[in-house]
There are 2 protein chains.
Amino acid sequence: MGITDRKQRQKEEVRASILDTAWQMVVTEGWHSFSIRKVADAIEYSVPVIYSHFENKDAILLEFNRKGFQLLAETLAQAKAGQPEPANQIRAMGRAYWSFAFQNKEYYQLMFGLGIPTCETAIKIPALTNFSDVITGSIIAMVPTGQKPNFDPWLKYQSFWSMLHGLVSINMTSLSRPERSDENDHREALPEQVLEDVMCSFIRGIQAAEQPAEQPKTS
Amino acid sequence: MGITDRKQRQKEEVRASILDTAWQMVVTEGWHSFSIRKVADAIEYSVPVIYSHFENKDAILLEFNRKGFQLLAETLAQAKAGQPEPANQIRAMGRAYWSFAFQNKEYYQLMFGLGIPTCETAIKIPALTNFSDVITGSIIAMVPTGQKPNFDPWLKYQSFWSMLHGLVSINMTSLSRPERSDENDHREALPEQVLEDVMCSFIRGIQAAEQPAEQPKTS
DNA sequence: TACATTTTGCAACAGTGTTAGGCAAAGTTA
DNA sequence: TAACTTTGCCTAACACTGTTGCAAAATGTA
């Protein structure tokens with residue numbers, strides 16, 4: 001029965017070309033301009049063919065989402081493998097995470113839902129200045145004036161905000177529960193605990209550090 | 001000239017009702033189902049009337065975005081005002097930020113672009129398990145076994161991820177540069193510096209802490 | 001060749017954002 | 001009051017979007 005084999009192969013070719021085309025669109029024109037109709041046009045098939053491969057438009061996005069997380073996981077694993085010491089592993093993974101995000105911007109944006117229209121347009125909001133002033137105020141107040149010359153409150157402000165936003169956003173998209181079905185290894189740290197932990201580290205960091213810790217060589 | 005006054009008033013009433021209706025839609029049905037046409041229908045005007053008040057659909061969203069940031073800034077300022085000590089101010093602001101996000105979910109989602117379709121559907125991605133395993137692995141390896149009984153690697157993992165994601169996402173949406181036009185107060189901490197700083201705090205936190213720091217009473 | 005099955009595409013439905021053009025009411029002037 | 005101008009508003013269209021029913025065409029089987 002080589003015929004059904006060939007059919008299978010052809011079907012998968014079409015599927016792949018759908019994904020390829022879709023991805024190319026996303027990369028070159030952004031998420032907003034990616035439509036099933038355009039893909040259909042590009043692969044020179046009619047629209048319903050796409051629906052015979054994917055249930056939804058979302059299903060296609062989900063595919064990319066999956067691939068994105070896999071890529072990220074691999075990248076981190078690699079970065080980790082290059083370092084024997086745990087602390088350096090963490091540093092390496094952090095850096096790898098960062099470069100992954102910006103080298104695969106489209107993936108990252110899809111994975112975490114960044115890119116709603118407003119975010120691209122609405123940057124110069126005056127209240128943002130208030131926001132940053134309120135926070136940096138306290139940060140500056142924490143270190144006695146004159147001491148710690150290398151202290152950069154603006155940097156700390158960004159750290160603080162990043163931590164907060166990351167925490168919120170990961171919890172809000174309920175990305176935080178990988179649903180291990182192992183026997184109840186209760187890996188459900190309450191978000192509030194994480195928040196306290198994170199703030200604790202942050203404050204300690206300010207109180208303790210005057211110069212950045214020794215930076216080990218990269219990889 | 002009371003007539004033009006009245007006209008002005010009426011125009012602003014319509015404007016307000018547009019915003020009200022739009023917001024109600026967003027809250028009750030989510031961002032996805034908010035359309036100009038529906039708003040027009042609800043306020044019993046035709047579509048072009050809305051376009052006479054707002055240039056775009058985005059312009060309406062921008063309005064909410066602005067309001068959201070203002071609200072957040074006020075919330076933080078209030079939380080801060082309740083605390084005399086800087087370290088506690090920071091803690092209070094962190095908690096306030098957290099509750100703002102979840103008590104005003106719609107605002108927060110809009111402000112940071114959370115809520116692209118995929119994020120709501122695509123949670124159970126197997127690669128996510130890899131991802132978390134890779135990271136927790138290093139975290140566990142950092143603390144000598146047996147020591148530090150209160151140590152929760154899962155919690156630390158979430159902290160770590162939150163920091164990273166927050167950092168990336170804030171930088172990616174270019175929300176990080178409020179564009180102060182003051183003379184060059186060079187508040188442009190390089191994101192990479194922030195990254196290093198954040199990781200540094202994190203690692204220190206693991207190496208140092210066995211029990212959470214004393215938690216001062218809330219507000 | 002005749003039948004059955006899959007594959008495919010046309011065309012429609014129900015939406016969306018956005019805008020051009022005309023109609024009618026309101027205000028202004030003679 | 002009559003004529004004119006301005007304003008506000010709506011109808012209707014354009015150009016899209018995701019999604020699907022149904023009929024036609026291509027393919028495989030007997």
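A quick note: this is a predicted structure, and the numbers were derived from the prediction, not measured. Letters A, B, ... are given to chains in the order of the sequence lines, protein chains preceding strands, and every chain is numbered from 1.
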**Student:** Any side-chain N or O of B:N56 under 4.0 Å from OP1/OP2 of C:dG17?
**Tutor:**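 The answer is no; no side-chain N or O of B:N56 sits under 4.0 Å from OP1 or OP2.
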**Student:** To the nearest Å, give me how far apart OH (A:Y45) and C1' (C:dT6) are.
**Tutor:** 14 Å
**Student:** Taking CZ from A:F54 and P from D:dT20, how many angstroms apart are they, rounded to a whole number?
**Tutor:** 16 Å
**Student:** Regarding A:R91 and B:E196, does a basic nitrogen lie under 4.0 Å from an acidic carboxylate oxygen?
**Tutor:**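 Judged by the 4.0 Å cut-off on N to carboxylate O distance, A:R91 and B:E196 do not form a salt bridge.
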**Student:** Once you measure the plane-to-plane angle for A:F69 and B:W161, does it fall in the parallel (<30°), tilted (30-60°) or perpendicular (>60°) bin?
**Tutor:**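 A:F69 and B:W161: perpendicular rings.
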**Student:** I want to know whether A:F160 and A:H165 have ring centres closer than 6.0 Å.
**Tutor:** no
**Student:** Hey, which of B:E63, B:H53, B:E13 is the one that makes side chain to side chain contact (heavy atoms under 4.5 Å, CB included) with B:I18?
**Tutor:**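 Only one option passes, and that is B:H53.
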**Student:** Measure the shortest side-chain to side-chain distance between B:M199 and A:R95 over non-hydrogen atoms and say whether it is less than 4.5 angstrom.
**Tutor:**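 Side chain of B:M199 against side chain of A:R95, heavy atoms only: contact under 4.5 Å found.
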**Student:** Evaluate B:I203 against B:I206 for side chain to side chain contact (heavy atoms under 4.5 Å, CB included), listing each step before the verdict.
**Tutor:** CA-CA 5 Å; B:I203 291 170; B:I206 289 183; 5.8 Å; no
**Student:** Could you tell me how the ring of A:W31 sits relative to the ring of A:W23: parallel (under 30°), tilted (30 to 60°) or perpendicular (over 60°)?
**Tutor:** perpendicular
**Student:** Classify the ring geometry of A:F131 against B:Y97: parallel below 30°, tilted from 30° to 60°, perpendicular beyond 60°.
**Tutor:**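 Judged by the thresholds at 30° and 60°, the geometry between A:F131 and B:Y97 is tilted.
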**Student:** A:R37 versus A:D41: any side-chain heavy-atom pair under 4.5 Å?
**Tutor:** no
**Student:** Taking DNA chain D as the partner, which of residues 10-27 of chain B come within under 4.0 angstrom of it by heavy atom?
**Tutor:** none
**Student:** Quickly work out the A:D58 CG to D:dG18 P distance and round it to whole Å.
**Tutor:** 11 Å
**Student:** In this structure, how many angstroms lie between the P atom of D:dC10 and the OH atom of B:Y51, rounded?
**Tutor:**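 Whole-Å distance recorded here is 15 Å.
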**Student:** Quick one: which protein N/O atoms are closer than 3.5 Å to N/O atoms of nucleotides 10-13 of chain C? Pair and distance per line, please.
**Tutor:**
residue	atom	partner	partner atom	Å
C:dA12	N6	A:R37	NH2	3.3

**Student:** Can the ring centroids of B:F202 and A:F202 be said to lie less than 6.0 angstrom from one another?
**Tutor:**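 So the answer is no for these two rings.
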**Student:** Report for the helix from C:dT5-D:dA26 to C:dA30-D:dT1: angle between first-end and last-end helix axes, five pairs each, rounded to 10 degrees.
**Tutor:** 20°
**Student:** Determine whether B:S17 and B:Y45 satisfy the following criterion, side chain to side chain contact (heavy atoms under 4.5 Å, CB included), listing intermediate values before the conclusion.
**Tutor:** CA-CA 11 Å; B:S17 81; B:Y45 274 95; 5.9 Å; no
**Student:** Report the distance from atom CD1 of A:I50 to atom P of C:dT7, rounded to the nearest whole Å.
**Tutor:**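 One finds 16 Å between P of C:dT7 and CD1 of A:I50, rounded.
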**Student:** Given atom CD of B:E55 and atom P of C:dG17, what is their separation to the nearest angstrom?
**Tutor:**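 It works out to 15 Å between those atoms.
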**Student:** What is the distance from CG of A:L61 to P of D:dG18, rounded to the nearest Å?
**Tutor:** 10 Å
**Student:** Give the rounded distance in Å between these two atoms: CD1 of B:I36 and P of D:dA15.
**Tutor:** 19 Å
